[in-house]
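This report concerns only the one structure given below.
The first residue in the sequence is number 1, and the count goes up from there.
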Amino acid sequence: MPVPEVDKKMLEELEAMGFPRPRATRALHYSGNASLAAAIDWIVDHENDADIDEMPLVTVDISIGSPEPFYFTEAMKIKAQELRDRARKKKEEEEKKLEREREKERIQSGKQLIEAKRSLQENERKRNIECQKAEKEEEKRARERIRWKLKQDKLERRVNLGLPPEQHVAEERTPAVRIEQNPFPVRSVAKSERMRECLRSLRRNHKDDDARVRQAFQTLLIYVGNVARNPNEEKFRKIRLSNPLFLDRVGSLIGGLEFLELCGFETTEGGEFLYLPHNKVDMATLNSAASELKSALTNPFFGLL
């Protein structure tokens with residue numbers, strides 16, 4: 001099906017006013033090539049048609065002669081400008097809506113990524129705890145075996161010397177009392193060890209990328225140092241989890257979020273921020289964290305042995 005023939009002069013004048021060729025052709029065709037004003041009125045009446053910018057097709061070509069010369073009026077120019085402005089505004093609104101949808105998708109994907117990484121870190125932490133527990137149990141069994149062997153050796157020597165077994169039993173009880181007099185669990189030492197284990201885990205899981213590990217340690221030291229020097233400044237006690245810089249340097253590394261939580265940071269409702277409440281700022285904990293980070297930065301073998 002061919003494109004209908006329309007008045008070329010009026011077609012050129014409509015294109016000069018800013019209308020696309022398919023729209024101008026359609027307007028002239030359906031207005032019967034009566035006049036430029038009729039074509040513009042048709043465009044105004046049909047600007048929301050879905051096919052307004054599609055080239056019309058007809059079964060029979062219609063030859064149209066040029067009418068008398070037509071001159072633009074001021075009202076026609078204003079109407080044409082209004083149509084262009086309306087089309088531009090509609091396009092801008094659609095672009096803004098699309099951008100908002102993209103931003104929502106980015107935020108949602110960022111939250112999902114953080115949640116997945118937190119899950120990985122939690123699983124890694126549980127595995128480390130289980131490994132440590134198993135190692136302690138094995139060490140305990142080894143000590144028991146050594147202690148039992150020593151008892152047997154002492155018993156054999158006393159029997160060889162002709163000493164009574166009761167004396168051996170009485171002597172055994174003294175070390176047990178001394179052992180019970182040394183309670184070791186200290187909260188600050190346990191927290192420091194957990195911080196150190198977080199940093200070791202981070203180093204082990206990224207041992208092939210020393211530059212990134214060092215950057216992560218330096219970034220954590222900056223966060224801790226800012227809070228320690230300015231405990232009353234809320235901006236230093238609040239970290240946006242979706243911040244690309246934070247995700248790249250700390251949030252995406254196993255052990256990074258757990259280290260900040262050991263420093264006192266908490267995840268806010270909705271999972272948008274890490275926040276350290278003012279009443280939970282512990283200078284001793286922050287100083288201990290800074291010390292562990294400095295040790296990790298200066299020790300080239302940290303986490304590798």
Side-chain angles (χ1 to χ4, degrees), residues 91-130 191 194-282 285-286 289-290 292-293 296-297 302-303:
K91 183 178 180 181
E92 291 175 354
E93 290 177 352
E94 291 177 351
E95 290 177 351
K96 288 180 180 179
K97 182 178 179 181
L98 181 61
E99 183 61 28
R100 285 195 297 269
E101 293 296 328
R102 289 175 179 171
E103 182 63 22
K104 289 180 181 179
E105 292 177 359
R106 284 195 294 268
I107 292 174
Q108 185 65 25
S109 62
K111 289 181 179 179
Q112 292 175 353
L113 178 61
I114 291 173
E115 185 62 29
K117 289 175 180 176
R118 285 181 63 85
S119 178
L120 288 175
Q121 291 177 353
E122 181 64 20
N123 293 335
E124 178 69 15
R125 186 180 68 83
K126 290 180 180 179
R127 285 195 295 270
N128 291 336
I129 292 174
E130 291 297 327
K191 182 171 285 190
R194 289 172 64 190
M195 290 180 179
R196 193 177 304 118
E197 184 57 34
C198 284
L199 299 180
R200 288 198 194 104
S201 176
L202 193 152
R203 181 64 182 272
R204 285 195 299 267
N205 284 283
H206 304 86
K207 60 184 179 180
D208 296 329
D209 196 347
D210 291 340
R212 192 176 185 191
V213 172
R214 185 172 184 81
Q215 185 182 57
F217 289 167
Q218 291 172 342
T219 304
L220 288 170
L221 185 59
I222 291 173
Y223 285 136
V224 172
N226 284 340
V227 176
R229 288 189 295 271
N230 307 278
N232 296 323
E233 292 287 341
E234 184 177 358
K235 65 179 181 180
F236 294 125
R237 294 184 283 105
K238 192 172 185 180
I239 303 172
R240 185 182 294 274
L241 289 171
S242 60
N243 185 307
L245 188 63
F246 171 77
L247 285 175
D248 179 61
R249 296 189 175 189
V250 176
S252 61
L253 304 183
I254 296 176
L257 287 176
E258 185 179 357
F259 185 88
L260 290 172
E261 289 174 350
L262 290 173
C263 294
F265 283 88
E266 302 172 353
T267 304
T268 61
E269 293 184 6
E272 188 174 359
F273 294 97
L274 275 179
Y275 182 66
L276 176 56
H278 185 268
N279 60 350
K280 293 187 179 181
V281 174
D282 186 351
T285 299
L286 294 176
E292 295 297 337
L293 287 166
L297 284 168
F302 180 82

Next on the checklist: Please check: side-chain N/O of Ser242 versus main-chain N/O of Ile107, any donor-acceptor pairing under 3.5 Å?
Outcome noted: no
Checklist entry - So does Arg106 pair up with Glu103, basic N to acidic O under 4.0 Å? => result yes
Item to check | Heavy-atom side-chain proximity of Lys238 to Tyr275 below 4.5 angstrom | outcome: yes
Item to check | Within-4.5 Å side-chain heavy-atom neighbours: Val213 and Leu253 | outcome: no
Next on the checklist: What I'd like to find out is whether the side chain of Asp210 reaches to under 4.5 Å of the side chain of Arg203, using heavy atoms alone.
Outcome noted: yes
Checklist entry - Got a donor-acceptor contact below 3.5 angstrom from the Arg196 side chain to the Ala296 backbone? => result no
Checklist entry - Got a sec, which pairs hit side-chain hydrogen bond (donor to acceptor under 3.5 Å, both in side chains) with one end in residues 110-125, sequence neighbours left out? => result Arg118-Glu261, Glu122-Arg125, Glu124-Arg127
Item to check | Donor-acceptor pair, side chain of Asn205 and main chain of Ser201, under 3.5 angstrom | outcome: yes
Next on the checklist: Please determine whether a side-chain nitrogen of the Lys or Arg among Arg204 and Glu197 lies less than 4.0 Å from a carboxylate oxygen of the Asp or Glu.
Outcome noted: yes
Item to check | Closest heavy-atom pair and its distance - Val281, Pro231 | outcome: CG1-CB, 4.2 Å
Checklist entry - Closest approach of Leu293 and Phe217, non-hydrogen atoms and distance? => result CD2-O, 3.9 Å
Checklist entry - Okay, side chain of Ser252, backbone of Leu247: is any donor-acceptor separation there less than 3.5 Å? => result yes
Checklist entry - What are the two closest heavy atoms between Pro277 and Arg237, and how far apart are they? => result C-NH1, 3.8 Å
Checklist entry - Which pairs with one or both residues in residues 224-234 pass salt bridge (Lys or Arg N to Asp or Glu O under 4.0 Å), sequence neighbours excluded? => result none
Item to check | Partners passing side chain to side chain contact (heavy atoms under 4.5 Å, CB included) against Phe246 (at least two apart in sequence or in another chain) | outcome: Tyr223, Ile239, Leu241, Asn243, Val250, Leu257, Leu260, Leu274
Item to check | Test item: Arg214 side-chain N/O and Leu297 main-chain N/O as donor-acceptor pair under 3.5 Å | outcome: yes
Next on the checklist: Within the 4.5 Å heavy-atom criterion, are Leu202 and Phe259 side-chain neighbours or not?
Outcome noted: no
Checklist entry - If you take all heavy atoms of Val224 and Leu286, which pair is closest and at what distance? => result CG1-O, 3.4 Å
